[in-house]
Structures are given as C-alpha cells and as structure tokens.
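Right, one structure below, let's go through it.
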Amino acid sequence: MLSTLADLVLPRTCVGCGASDGPLCVRCVGLELLRADGDPPVAAAGAYDATLRKALLAYKERDRRDLARALGGQLARAVRVYPACVLVPVPSSAAARRLRGGDHILRLARIAARDARTSVATPLCLVRRVRDSAGLDPAARAANLAGAMVARRSAGTPAVIVDDIATTGSTLREAARALREAGWEVRGAAVVAATRRRSMPASAGGPPRSGLAWESPEA
C-alpha cells in the first residue's frame with residue numbers, strides 16, 4: 001500500500017536510462033516487434049534484454065507497479081497483431097499472487113485490453129502445482145507444464161493468450177491446448193518480451209532442442 005501511494009505522489013526515474021520523465025521513458029520504449037511461428041504463433045513487443053528485462057524484473061520482483069501502465073502499453077502493441085480477439089492471460093499460481101501482491105499478468109492484460117479496445121477473459125486455471133521454470137531446458141519445461149491447465153468452456157470465442165515473457169513457448173502451448181479442448185478458438189499469443197535462446201546440443205540420442213525462433217517483420 002505504501003509503495004502504491006508513493007507512486008502517486010513521488011516522481012519515478014526511468015528504469016532504463018534514469019531520466020526523470022517517467023518510470024519507462026519514451027526513448028526507452030522504441031522497441032522492435034518480434035514474431036515467432038509456432039502453435040500458437042507469438043508476437044512480442046521486444047526482446048527480453050536491456051530495458052525490458054530491467055522493467056519486467058522491477059515490476060514483478062520489486063513491486064514497481066508504476067511500470068504496469070508502460071508495460072501494459074507495450075503488450076498492447078503485440079496484441080494488435082491479432083484484431084478482434086478476447087485477451088486470455090495465463091494463470092498465476094496462488095503462491096505467485098501472494099508473493100507479487102496480486103496477479104501481475106492479469107493487471108497487464110487489462111491495461112493492454114483498454115489500449116487495444118478489446119476485453120479480457122479469465123477461463124484458464126492451474127489444476128496442479130508446477131515447478132519454477134528457471135533453469136529448465138525446453139524439454140523439461142514442456143514436461144513440467146503438460147496437463148497443468150484447464151479452461152471453462154466456450155463456443156468458439158476467438159482468443160489471444162497473453163503473458164509477460166516467452167522463452168520456449170511451453171506455457172503458451174499448454175494454455176492453447178487447454179483452451180482449444182474447451183472450445184475456444186486460439187488465434188495466437190502476445191507477450192511483452194521474448195527471450196532469444198540459442199540452440200542447445202542434442203540430448204543423448206535425442207534431437208537438437210531450442211527455443212522459439214524470433215524474427216522482426218520490419219527487418
């Protein structure tokens with residue numbers, strides 16, 4: 001509560017460059033839109049490095065809620081790739097909500113929905129505990145999330161899944177699976193930032209593994 005009140009009365013410097021004109025200044029949000037083919041296809045407002053990485057970590061881990069407006073606006077840029085769709089945020093665990101003072105992804109989704117002139121639905125929920133994905137390779141991330149989500153039923157509502165960061169796409173694929181099984185029409189996914197991952201060596205006897213292949217449509 002004290003942090004929220006301080007955000008209203010005290011100016012915050014830019015988390016990227018330290019300028020005094022906002023928590024994430026105009027100069028630091030000129031980010032390239034990234035796209036990745038897949039199932040679902042994904043659009044990202046920028047790469048998870050430099051300014052976006054600092055901003056997301058501050059927002060999620062250091063209670064910088066003043067960054068929600070700017071980060072939600074960046075998410076809206078990615079959302080606009082898929083017009084006329086309801087935004088469906090990936091579900092946060094109860095532990096994550098307690099740690100971060102609420103559902104940080106739902107907060108960004110609501111801001112993005114206002115900017116993109118659409119709505120938010122929350123049909124997804126976790127049905128079992130999942131491990132923290134930090135340090136897991138793509139195969140382990142997929143196994144960790146397999147069958148972890150269910151969704152309320154819908155009669156073909158077009159939806160875009162939204163999240164803060166995409167790394168291997170495992171979370172987005174699991175969300176898409178759960179939504180489709182419940183009758184939703186998943187058009188794609190949108191995230192604030194994308195982690196560019198290098199290809200990993202093949203496991204013993206297995207195929208090479210890598211994250212999503214991101215490209216800039218402006219390139």
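Residue indices begin at 1 and follow the sequence shown.
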Report yes if the side chains of Glu185 and Thr157 come closer than 4.5 Å at any heavy-atom pair, otherwise no.
no
Per the side-chain contact (heavy atoms from CB on, under 4.5 Å) rule, which among Val186, Val88, Leu87, Val42 passes with Val160?
Leu87
Once you round to the nearest 0.5 Å, how far does CG of Asp103 lie from OG of Ser92?
4.0 Å
Which atom pairs, donor and acceptor, lie under 3.5 Å between side-chain atoms of residues 109-127 and protein residues at least two apart or in another chain?
unit_1, atom_1, unit_2, atom_2, d
Asp115, OD1, Arg69, NH2, 2.9
Asp115, OD2, Arg69, NH2, 2.4
Thr118, OG1, Cys85, O, 2.7

Would you give the length of the straight line joining atom CZ of Arg107 to atom CG of Leu67, rounded to the nearest 0.5 angstrom?
11.5 Å
Nearest-0.5 Å distance, CD of residue Gln74 to CG of residue Leu33
10.0 Å
Worked verdict on Val192 versus Leu56 for side chain to side chain contact (heavy atoms under 4.5 Å, CB included):
CA-CA 9 Å; Val192 178; Leu56 282 166; 4.2 Å; yes
Hits for side-chain hydrogen bond (donor to acceptor under 3.5 Å, both in side chains) against Asp37, two or more places apart or cross-chain, chain-then-number order -> none
Within the structure provided, determine whether Asp163 and Thr171 are in side-chain contact (heavy-atom separation under 4.5 Å).
yes
If we only count heavy atoms from C-beta on, is the Leu57 to Tyr48 side-chain gap below 4.5 Å?
yes
Quick check: are there more than 12 heavy atoms from other residues, nucleotides or ligands sitting under 6.0 Å from NZ of Lys60?
yes
Which atoms form the tightest heavy-atom contact between Ala45 and Ala78, and what is the distance?
N-CB, 4.0 Å
Compare all side-chain heavy atoms of Val90 with those of Ile161 and state whether any distance is below 4.5 angstrom.
yes
Heavy atoms, side chains only, cut-off 4.5 Å: are His104 and Asp164 in contact?
yes
Let me confirm one number: the OG1-CG distance from Thr195 to Leu52, rounded to the nearest 0.5 Å.
10.5 Å
Take Arg53 and Thr51, measure what side chain to side chain contact (heavy atoms under 4.5 Å, CB included) needs, and give me the verdict at the end.
CA-CA 5 Å; Arg53 183 176 185 276; Thr51 299; over 6 Å; no
Quick one: does any side-chain atom of Tyr82 pair with a main-chain N or O of Ala189 as donor and acceptor, under 3.5 Å?
yes
Do the non-hydrogen side-chain atoms of Val162 and Leu108 ever get within less than 4.5 Å of each other?
no
For Leu34 and Ala47 the tightest heavy-atom approach is CD1-N, 3.8 Å
Can you check whether Val150 reaches Glu181 side chain to side chain, under 4.5 Å on heavy atoms?
no
Heavy-atom closest pair (Ala166 atom, Trp214 atom, distance to 0.1 Å) is CB-CZ2, 3.8 Å
Salt bridge present between Asp39 and Arg180 (N-O < 4.0 angstrom)
yes
Between Trp184 (side chain) and Arg152 (backbone), is there a donor-acceptor pair under 3.5 Å?
yes
Going by heavy atoms in the side chains, are Arg173 and Pro40 under 4.5 Å from each other?
yes
Calculate, to the nearest 0.5 Å, the distance between atoms CZ and CG belonging to Arg64 and Leu24 respectively.
9.5 Å
Measure the CD-CD distance between Glu215 and Glu32 for me, rounded to the nearest 0.5 Å.
11.0 Å
Taking all atoms of both residues into account, what is the closest heavy-atom pair of Pro83 and Arg187, and its distance?
O-NH1, 4.1 Å
